Amino acid sequence: MTSERLAEECAIVDKLVGGHPESWDLAGLIPEKVLRDLGTRGLLCPQIPQEYGGIGFDSLSTGEFTAHVGSLCSSLRSVMTSQGMAAWTIQRLADIEQRHQYLAQLASGQLAAVGFSEPQAGSDLSAIDTTVRDDGDSVILTGQKVWMTAAHYADLLVVFCRYGDDSAAVVVPTSTPGVHVQRVADPLGCRAAGHANVLFDSVRLPMSNVLGGAKQSLALLATTALTYGRISVAWGCVGILRACLAAASSHARSRQQFGKPLAEHQLVGRHLAELLASEQIATRICEHASRCWDSSSPDMAVATVLAKHVSASQAVKGAAAAVQVLASAGAQDGHLVARAYRDAKLMEIIEGSTEICQLILAQHALTASL
C-alpha cells in the first residue's frame, strides 16, 4: 500500500475525529454516524481483501493506520480492533459464501464485535459455557458473554461457543430475538468503545450462521481471532505512546519553572528520553510482527504475542511518564494523557493478559532452545 494512500485515509480520520475524543470519553460514547462513516469507507477493518470489497491493506499499513487512530482515540481504535478481529475470523474460518456475505457487510458499514469472555471464563477459555446445538435446519445459541468490546454498537456478533464436544464460531445479528445487549457502565479504559455484556436466550439462527458449517477446535478459534487482536492492540499502544510523547514534549517546551522550560530540567528530560525509547521499542517490535504476518512467517503467532506484551507494557510506562510531566495540566478526566493512562492499563489485560503473554513466550523459549 502506498504511503500516499495511507496518508489520505489518516486525513479522513483526522477530519471525522477532530477534537472530539475528550467529549466521547467523558460521555462514554462515540457518535454512531462517525462509526458508520468510517465503516462505509472500509476504514474500521482496512485489511479486508479487495475481492470482498475491502481496502486490502497489508498488516504493516494496517498497523500504521491503527497507530494513527490510536494516537487520537483509543476507544475508536478498540472498535477497529473488534471489527478487524471479526473480519479476520470470518476470512480464516468461513466458507466461500459466508466470506463474500459477511466480509462485504463489514467493509461497507456494518459493525461487529467478538465474544470470548464469560463470567467464569476469561484467560481460561476452555471454561466457556455458551453452547450452540442443532435443531432441525437451525441452531440454538444459549449463554452469556461479558466485556464484548464494541457490542453496544454492533450489528453482528461473532460468538465463540461449545458445539457438542467441540467448538464453533457463530455469527449472530444483534437484532435476533433473544439477544440482549447491556452496556458496561464506566469502564476503566477505552470508555467509549461500547463494552457490553450480552445474554443469548435460546437464540435461533440458520445453520449457515455457523462459520465453516462445522465443529472446530477451540484452540484454533481462539488463536485465529486473538492473533489479529494482539497485533492490533500492539499498534494501538504505539499510537498511545506517540500521543503521550507529543503532549509531554510540547508541555515541557512551553511550561516555565524556576526560570527555565521544564525540558531543561534534567529529571524531566529523562522522562522525555524514556518516552521516546518506549515509542521506538514498541514501533520496531510491531513492525517486526507485521512483517512476519505479511510474509506468512511461521513465527507470526509468537511475534504478535511479543508485540502485544512489549507494546502494552511500554504504553503503561510511557503514559505514566506523560502524566508526571504534565502534572496537574494532564490530570483532568478526559485529557489526552489522562485517557492514555487509563487506556494503556487496559491494554495489559485484553487479548491475553501480561501474565498469559509471558507464559506463551516462556513456552516458546523452552521449545526454541531444544
Side-chain angles (χ1 to χ4, degrees), residues 45 48 52 82-106 110 112-149 151 154-180 197-230 296 298 300-301 304-305 351-352 356 360 363:
C45 44
I48 290 180
Y52 302 115
S82 291
Q83 187 90 350
M85 288 173 70
W88 180 247
T89 301
I90 291 165
Q91 186 177 333
R92 296 291 292 174
L93 302 178
D95 59 34
I96 294 175
E97 184 176 342
Q98 290 170 328
R99 288 199 298 271
H100 280 282
Q101 175 186 351
Y102 294 126
L103 292 178
Q105 292 175 8
L106 298 187
Q110 294 284 288
V114 177
F116 289 106
S117 297
E118 299 181 4
Q120 302 303 320
S123 295
D124 181 12
L125 292 177
S126 67
I128 63 172
D129 273 338
T130 298
T131 61
V132 64
R133 59 178 176 83
D134 296 333
D135 187 47
D137 59 357
S138 302
V139 293
I140 306 296
L141 179 68
T142 302
Q144 182 180 7
K145 296 295 180 181
V146 297
W147 282 91
M148 287 184 68
T149 301
D155 304 295
L156 300 174
L157 306 175
V158 178
V159 180
F160 293 84
C161 52
R162 293 288 178 192
Y163 193 3
D165 293 331
D166 295 297
S167 304
V170 183
V171 178
V172 185
T174 53
S175 60
T176 309
V179 178
H180 305 283
N197 301 326
V198 185
L199 176 66
F200 304 99
D201 184 8
S202 299
V203 178
R204 181 176 293 276
L205 299 160
M207 182 72 72
S208 59
N209 285 43
V210 179
L211 291 183
K215 301 173 182 179
Q216 305 189 48
S217 80
L218 181 60
L220 171 65
L221 299 179
T223 301
T224 297
L226 287 175
T227 297
Y228 186 97
R230 284 166 177 158
S296 299
M300 180 182 76
T304 61
V305 174
E351 318 310 354
I356 291 296
I360 294 171
Q363 185 60 46

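Here the structure is a predicted model, which is why all the values come from computation and not from measurement. The figures that follow rest on heavy atoms only: side chains count, while hydrogens, waters and symmetry mates do not. The first residue of the sequence shown is numbered 1, and numbering continues consecutively from there.
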My understanding is that only residues two or more places apart in sequence, or in another chain, count here; which of them pass ring-ring contact (aromatic ring centres under 6.0 Å, His included) with [X]?
X	value
Tyr52	His100
Tyr102	none
Phe200	none

Inset, instruction - Please lay out, stage by stage, how Leu218 and Ile128 fare under the test side-chain contact (heavy atoms from CB on, under 4.5 Å). - result: CA-CA 10 Å; Leu218 181 60; Ile128 63 172; 4.0 Å; yes

I'd like a table of donor-acceptor pairs (distance under 3.5 Å, sequence neighbours excluded) in which one partner is a side-chain atom from residues 82-92, with atom names and distances.
{"unit_1": "Ser82", "atom_1": "OG", "unit_2": "Ser78", "atom_2": "O", "d": "3.4"}
{"unit_1": "Ser82", "atom_1": "OG", "unit_2": "Thr149", "atom_2": "O", "d": "3.2"}
{"unit_1": "Gln83", "atom_1": "OE1", "unit_2": "Ala112", "atom_2": "N", "d": "2.8"}
{"unit_1": "Gln83", "atom_1": "NE2", "unit_2": "Leu106", "atom_2": "O", "d": "3.2"}
{"unit_1": "Gln83", "atom_1": "NE2", "unit_2": "Gln110", "atom_2": "O", "d": "2.7"}
{"unit_1": "Trp88", "atom_1": "NE1", "unit_2": "Thr224", "atom_2": "O", "d": "3.4"}
{"unit_1": "Thr89", "atom_1": "OG1", "unit_2": "Met85", "atom_2": "O", "d": "2.8"}

Closest approach of [X] to [Y] (non-hydrogen atoms, all atoms of both residues):
X	Y	result
Pro173	Leu156	CA-CD2, 4.0 Å
Leu199	Gly143	CD1-O, 3.5 Å
Ala154	Ala113	CB-N, 4.0 Å
Phe160	Ala222	CE2-N, 4.5 Å
Ser138	Arg204	CB-NH1, 3.5 Å
Val210	Val170	CG2-CG2, 4.3 Å

Where the side chain of [X] meets the backbone of [Y], is there a donor-acceptor pair that is under 3.5 Å apart?
X	Y	result
Thr304	Ala301	yes
Thr176	Val179	no
Gln363	Ile360	no
Ser167	Tyr163	no

Inset, instruction - Might you work through the side-chain contact (heavy atoms from CB on, under 4.5 Å) test for Leu157 and Met148, ending with a clear yes or no? - result: CA-CA 9 Å; Leu157 306 175; Met148 287 184 68; 3.8 Å; yes

Inset, instruction - Show your working on side-chain contact (heavy atoms from CB on, under 4.5 Å) between Val198 and Gln144 and close with a plain yes or no. - result: CA-CA 6 Å; Val198 185; Gln144 182 180 7; over 6 Å; no

Inset, instruction - Return the set of residues passing salt bridge (Lys or Arg N to Asp or Glu O under 4.0 Å) with Asp155 (not counting sequence neighbours), or none when no residue passes. - result: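 Only Arg36 meet the salt bridge (Lys or Arg N to Asp or Glu O under 4.0 Å) criterion with Asp155.
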
Inset, instruction - Please examine the side chains of Cys161 and Leu141, heavy atoms only from C-beta on, and report whether any two atoms are closer than 4.5 Å. - result: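 Yes; the side chains approach each other to less than 4.5 Å.
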
Legend entry - Heavy-atom side-chain contact between Val171 and Leu211 under 4.5 Å: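 Side-chain contact under 4.5 Å: yes.
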
Return all side-chain donor-acceptor pairs below 3.5 angstrom for residues 115-123, not counting sequence neighbours, or 'none' if the list is empty.
{"unit_1": "Glu118", "atom_1": "OE1", "unit_2": "Asp129", "atom_2": "N", "d": "2.6"}
{"unit_1": "Glu118", "atom_1": "OE2", "unit_2": "Asp129", "atom_2": "N", "d": "3.4"}
{"unit_1": "Glu118", "atom_1": "OE2", "unit_2": "Thr130", "atom_2": "N", "d": "3.1"}
{"unit_1": "Glu118", "atom_1": "OE2", "unit_2": "Thr130", "atom_2": "OG1", "d": "2.8"}
{"unit_1": "Glu118", "atom_1": "OE2", "unit_2": "Lys145", "atom_2": "NZ", "d": "2.8"}

Inset, instruction - To the nearest 0.5 angstrom, please state how far the CD1 atom of Ile140 sits from the CG atom of Asp201. - result: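 Atom-to-atom, Ile140:CD1 and Asp201:CG are 10.5 Å apart.
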
Legend entry - Nearest-0.5 Å distance, OG1 of residue Thr131 to CZ of residue Arg162: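 The CZ atom of Arg162 is 10.5 Å from OG1 of Thr131, to the nearest 0.5 Å.
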
Inset, instruction - Determine, stepwise, if the pair Leu205 / Val172 fulfils side-chain contact (heavy atoms from CB on, under 4.5 Å). - result: CA-CA 8 Å; Leu205 299 160; Val172 185; 3.8 Å; yes

